[in-house]
Each structure stands twice: as C-alpha cells, then as structure tokens.
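Note on naming: letters A, B, ... go to the chains in the order of the sequence lines (proteins, then strands), and numbering restarts at 1 for each one.
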Amino acid sequence: MDRIVLGDNQFFGINHMSEEKARDQAMRFAHTRAIMDVLDVAYDLGIRTFMCTTHDRIGEVCEAIRAKPSRYPDFQFYPCMPYAHKYANAAGQLGMLGALKKFAPNTMLDTIVKGAVSALRRDVYGLMQLLVDTEMRPFAGLATKVVFLQNVVTDLLLGLDFKAMFVAFADHIRQRYNAEAGFITMNLPRLLDTLDACGIVNPLVCSSINKIGFRMCGGVEAYERAIATRTFRPLAMSVFASGAIPPAEALAYVCGQKKITSIVFGASTEAHIRQTKELIERLG
Amino acid sequence: MIRVGLIGVGKMGLSHYAILNAHPGVEVAAVADTSGLVLSVLQKYLGINTVKDYRQMLALDRLDGVVIATPPKTHADAVTWALEHGLHVFVEKPLCLSVEDGRRLALLADRQRVVNQVGYHNRFVGTFQETKRLVDSGIIGHPYHISGEAYGQVVVKEESSTWRSTKEEGGGCLHEYCSHVIDLMNYVVGPPKDVLGVVLERIYSRDVEDAVYATLAYPNGMSGQLATNWSDDTYRRMTTRLTVQGTRGKIISDREECRLYLSAGTASAEFADGWTVRNITQLQPPVAYYLRGEEYTAQLDHFVQAVETGARDPHANSFASALQVDIVMDLLLHRARGARA
C-alpha cells in the first residue's frame with residue numbers, strides 16, 4: 001500500500017472549512033481536464049494512488065486513465081462508495097424505495113417495480129451487492145486494490161450494530177473484485193471493536209487523524225492508543241483538519257505515529273502536492 | 001438506562017436510531033413504522049422489536065420517551081398520544097402544521113412535566129452557537145438587520161413522489177427547509193412581529209413552493225430578510241447562512257465558519273478590530289459518536305440528558321420555542337394568501 005495517497009474532496013466542491021472555498025474549487029474543476037492536470041502532476045511526482053468518491057463525474061476521470069494505459073501504468077484507484085448525497089437527495093425527492101429504484105440496476109428495478117419487494121426482504125445482502133456493482137462500473141478494467149465504504153455508511157452500520165453487513169461487504173469486494181475492503185469512519189476506536197467482533201482481521205481503516213482532535217470521536221488519546229496498540233492498518237485523512245493546522249506541524253504529528261500506514265491528502269496545486277510529499281518523506 | 005421508542009424510520013428516523021443505539025445511556029426498546037417492508041428488514045437483520053402502529057409500543061415494553069420522525073402531518077396525533085401517556089418526546093421539525101395544535105401540545109407538555117424537544121439541529125452547530133453568544137454579548141452593538149438564507153437541491157426536477165412534495169402532508173420548502181432558518185433567526189434575535197413582501201415560489205413542484213422569500217419586521221425596529229430555495233443545484237447539500245448587521249460590527253456565519261467584523265475602535269479583550277474568522281474545527285464541541293454531523297448526536301444527547309435529570313431544567317428547542325417557528329410560518333402563509341387575493 002502506498003504511503004501517500006491523493007484524495008478528491010478538492011475536485012468536487014467539498015471543503016470542511018469554507019463554503020466559498022468549496023464553490024471556488026467546484027468552479028475551477030468544472031471540467032475534467034482540470035482534474036486530470038492535477039492528477040498528472042501528482043502522478044509525475046510519484047503519487048500513484050487516487051482515493052476517490054464514486055461521484056457522478058468520476059466516470060470521466062476513469063475514462064481518461066483508461067484511454068492512456070502507457071501514460072499511467074501504475075495508476076491505482078481506491079474507490080470510496082457510495083457518494084451519499086446522491087442517495088440522500090434522491091431519498092428526499094423520491095422516498096427511500098424510490099431512491100433504490102433510481103440507482104439499482106435494471107434487474108433490481110424490475111423486481112421492485114413489479115412490487116416483488118419480498119426479494120429485498122429476503123436478501124438485503126443481494127441488494128448491497130447490486131448497488132456495489134453499480135458503483136464499481138466506472139472502474140471496469142482499472143486497478144482497484146482497495147474499495148472503501150464511505151464513513152456515512154460505515155458509521156450508520158456501526159450505529160445500527162449491523163455486523164453481518166460489514167462481513168458481507170468485505171466478502172463481496174474480495175470475491176467479486178479480488179480486492180480488499182476498507183472502511184472510512186469518524187468513530188475509529190468503536191469501529192475497531194466492531195470489526196474485531198466481526199472477525200475482520202487487520203482491517204484497513206481510514207479516519208481523521210490530526211492533533212486537534214477534529215472529527216475524532218472518542219478523543220485524541222483513544223485514537224493514539226488504538227493506533228499504537230491495535231492490529232489494523234490506519235490511513236490518516238483530515239491531517240490538516242481542513243487547514244486549521246499548519247502543514248509541518250500537522251504532518252509531524254501524523255508521521256510521529258509510526259504505525260500509520262498511509263496519509264491521504266487533497267491538494268490542487270503542484271506546489272502544495274510537492275510540499276506535502278517532501279514533508280512526509282522527510283518526516284518518515 | 002432510559003428506554004426509548006422510535007416512531008417513523010425514514011431518512012431521519014434511521015439516523016436517529018443509529019445515534020440512540022450507539023448511546024450508552026439509551027436502550028431503543030421498540031420501533032414503529034407503517035411500512036411492513038422497513039419493519040421486516042429491521043426485525044430480520046437487526047433483531048429490533050417492531051410494531052406497525054405506534055400505539056402498540058407500550059404493550060411491548062415500558063418506555064421513558066419517544067423519538068418521532070414521521071411526516072409533519074402526523075406529528076400532532078403522535079405527540080398527543082405520547083404526552084397523554086406521560087412520555088418524554090423528541091419530535092422532528094416542524095412541531096406541527098397548525099398553530100392551534102402547537103399551542104395545545106406546548107401546554108400539555110408543560111402540564112405533564114415531560115421533556116419536549118423539536119429537532120432544530122442547527123442550534124447545536126458550534127458556529128451558530130458562537131453567533132448567538134456574540135450577538136448576546138453586544139460586541140457588534142445594536143443589531144439592526146438580520147438575513148437568513150438556505151439553499152440546496154432537494155427538488156431539481158419535475159418528478160417527485162413523497163410527502164415532501166405534498167402540501168397537505170407538510171411538504172414544501174417552507175416547512176421542510178425554511179423552518180430551519182426561521183428557527184435560527186429566532187434563536188439569535190428572537191421572533192419577528194410581522195412579515196411583509198412574502199413570495200412563495202413554485203419552480204418544479206406542482207403542489208408546494210420550492211422557494212420562500214420575505215421581509216421580516218421585529219418588535220425593536222430591526223428588519224430581516226429571509227431567502228430559502230431548495231431547487232438550487234449549485235449547492236451540493238443544504239447550506240444555511242446567517243448575517244447579522246450591528247451598529248458596531250457584523251457577523252456572517254454558516255456551518256463551517258463564524259466571521260466577525262468589528263468596526264474601528266470596538267476591539268475587546270477577545271477580538272481585534274476588523275475581521276476574526278473562527279472555524280467549526282475550533283467551535284464544535286466533540287461528541288461520542290458521529291453520523292453526518294456532530295449536531296445530530298448533540299441534540300439527542302441533550303434530550304437524553306434532560307430525561308435523565310427528570311426535565312427539571314429548561315432545555316433547548318422546547319415545544320414552546322418551536323411553536324414560535326410555526327407561528328412565523330403561519331404568518332408567511334397568511335400574508336402570501338392575502339397578497340394573492
């Protein structure tokens with residue numbers, strides 16, 4: 001697994017610090033070419049893994065990478081699914097079942113339209129697999145070593161204590177995609193307990209890790225203890241807490257915890273990408 | 001350990017269930033929903049006690065309180081039932097669709113001495129709490145204008161098929177979206193005494209308004225501007241912004257930032273002249289479990305804590321406070337009808 005991973009929030013108008021910044025970025029990256037320019041810079045600097053939400057527009061990025069295999073021989077996607085706002089907006093407009101109808105593949109659509117909802121009743125895992133397969137469609141033929149479950153779903157399942165679904169997701173990702181399941185969470189210590197209880201050994205877990213404890217439920221100390229003592233592969237995100245911590249200080253904190261496997265960060269200029277990469281490499 | 005029943009498992013109900021289930025002081029004893037499909041999934045996969053009719057919940061088990069997340073039209077009946085059985089109540093916003101029902105519920109809740117809270121979660125967002133603190137402190141002088149805005153993409157096509165698209169059920173931008181903004185404005189400067197120039201605009205919906213615009217008049221002479229539109233797909237998700245203009249400064253806040261401007265010569269021990277920007281990273285108190293935003297957990301923590309202490313102390317978002325939102329919405333509808341007539 002790569003030490004440095006590029007994230008995608010900056011491309012899709014997501015910024016936890018400022019609505020204006022988010023909108024500026026959405027405008028700057030309105031065309032896929034602008035995203036590709038940044039990905040090219042990162043790739044040429046040696047960052048080969050792109051962790052991305054299964055946003056509507058990700059298909060265009062996949063297309064661009066697929067079109068030039070010799071340009072991107074080692075390009076690795078880590079898809080993160082689902083893009084929750086897509087489902088949440090549809091659920092608001094069409095109802096929960098309506099949203100499923102909208103996004104489930106045609107076979108599923110037929111089943112639901114016919115009123116045979118008993119299928120769902122019998123097999124919610126089958127439905128999960130169909131939705132995962134739909135989200136994975138844009139990545140066909142591309143390298144996806146890890147497939148992540150977005151925090152809104154991971155943390156929902158965690159709150160529901162729906163252990164069997166974690167297992168079903170991990171099994172499906174392994175069997176169907178020959179890949180490993182990863183889990184994004186805002187509740188790291190609690191999730192580790194649950195994944196342990198599920199029998200998911202040495203999981204890949206991506207969570208906010210920053211020295212000010214932003215979006216780290218359970219608190220900084222519980223996170224540091226979990227990272228130091230528990231068996232899992234931590235990926236750190238939100239290391240700058242959306243810009244609240246200066247880069248060198250932020251990275252010193254994360255790199256100081258030697259068990260952290262990878263660091264995910266979002267940047268949209270060559271200078272930022274280069275600076276972050278050099279800092280991480282220097283700090284070890 | 002308090003025992004809670006959940007009524008209604010839609011988008012909000014499911015989120016409330018997860019938060020309550022993760023709370024160490026709560027046992028979710030039963031879940032009620034009219035959808036057999038939802039119930040059978042919850043029962044089969046999560047082993048939850050379910051009933052179709054919420055009135056049967058007490059036959060299953062003893063309860064201390066209920067969390068109600070059904071469409072607005074059903075709130076009055078469900079809340080009445082819960083109050084009559086002496087249960088503490090957390091109900092999704094808006095409180096209900098008629099001011100008369102709202103008044104009755106607020107009185108009944110007080111008489112029954114139970115916790116009564118409505119899901120206006122923005123009051124638990126750190127940046128908005130900071131906005132209120134700053135306005136109350138008087139640092140921006142006498143506030144003379146407030147504007148409240150919310151934009152998002154709930155209805156962006158002419159197809160819609162849920163209660164949110166039906167006026168009679170309590171759908172529409174006014175009750176669903178604008179209610180949040182009215183509550184925030186009430187929170188920061190108190191309720192307006194009148195509304196003027198009301199525009200309820202249909203953009204894509206047939207039966208409900210998709211945008212609400214109005215001017216507000218306050219008892220102290222202050223003015224306000226309300227602008228909400230749920231058919232704006234330039235916003236990824238609901239985005240709410242408050243601007244308070246005072247004689248000595250100004251505050252602009254949203255979920256991410258609280259930006260304070262102080263006119264020259266008004267610096268305090270805490271703030272310098274000019275702009276001071278504080279972010280959610282500094283302003284949001286941590287929660288024990290996070291799902292979609294700290295405020296959703298914080299509001300239910302608040303409810304649980306109020307139940308545990310036996311509703312002795314006043315708590316946030318009471319029925320009486322949420323009733324003030326219903327009164328403003330009623331006024332907006334009344335004035336809009338008057339304008340058409």
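Nearest heavy atom pair, residue B/Y289 against residue A/N187, reads CA-OD1, 3.3 Å. Closest heavy-atom contact between B/L291 and A/V152: CD1-O, 3.5 Å.
Taken to the nearest 0.5 Å, the CG atom of A/N151 stands 12.0 Å off from the CZ atom of B/R292. Rounding to the nearest 0.5 angstrom, the gap separating the CZ atom in A/F214 from the CD atom in B/Q284 is 8.5 Å.
Counting heavy atoms from C-beta outward, B/Y45 and A/L160 have side chains that stay 4.5 Å or more apart. Residues A/C217 and B/Y290 have side chains in contact (heavy-atom distance under 4.5 Å, counting atoms from C-beta outward). Using a 4.5 Å heavy-atom threshold, the side chains of B/E257 and A/E20 count as touching. Proximity of A/R23 to B/Y235: side-chain heavy atoms (C-beta onward) are separated by under 4.5 Å at one or more points. A/D161 places none of its side-chain heavy atoms less than 4.5 Å from the side chain of B/L46.
With chain B as the partner, the residue from A/M216, A/M186, A/E19 showing the most heavy-atom pairs under 4.5 Å is A/E19. In terms of heavy-atom pairs under 4.5 Å with chain A, the best-connected choice from B/R241, B/E256, B/R255 is B/E256.
Under a cut-off of 6.0 angstrom, the local environment of NE2 in A/H272 is sparse, with at most 12 non-hydrogen atoms contributed by other residues, nucleotides or ligands. Within a 6.0 Å radius of CD in A/E249, other residues, nucleotides and ligands contribute more than 12 heavy atoms.
Heavy atoms of B/E294 lying under 4.5 Å from chain A belong exclusively to its side chain. Within the 4.5 angstrom heavy-atom criterion, no atom of A/A164 approaches chain B. Only the side chain of B/D254 comes within contact range of chain A, judged by heavy atoms closer than 4.5 Å. For a residue to count as touching a neighbouring chain, one of its non-hydrogen atoms must lie under 4.5 Å from one of that chain's; by this rule A/F162 touches chain B with backbone and side chain alike.
Judged by distance alone, the side chain of B/N21 and the main-chain N or O of A/G159 form a donor-acceptor pair under 3.5 Å.
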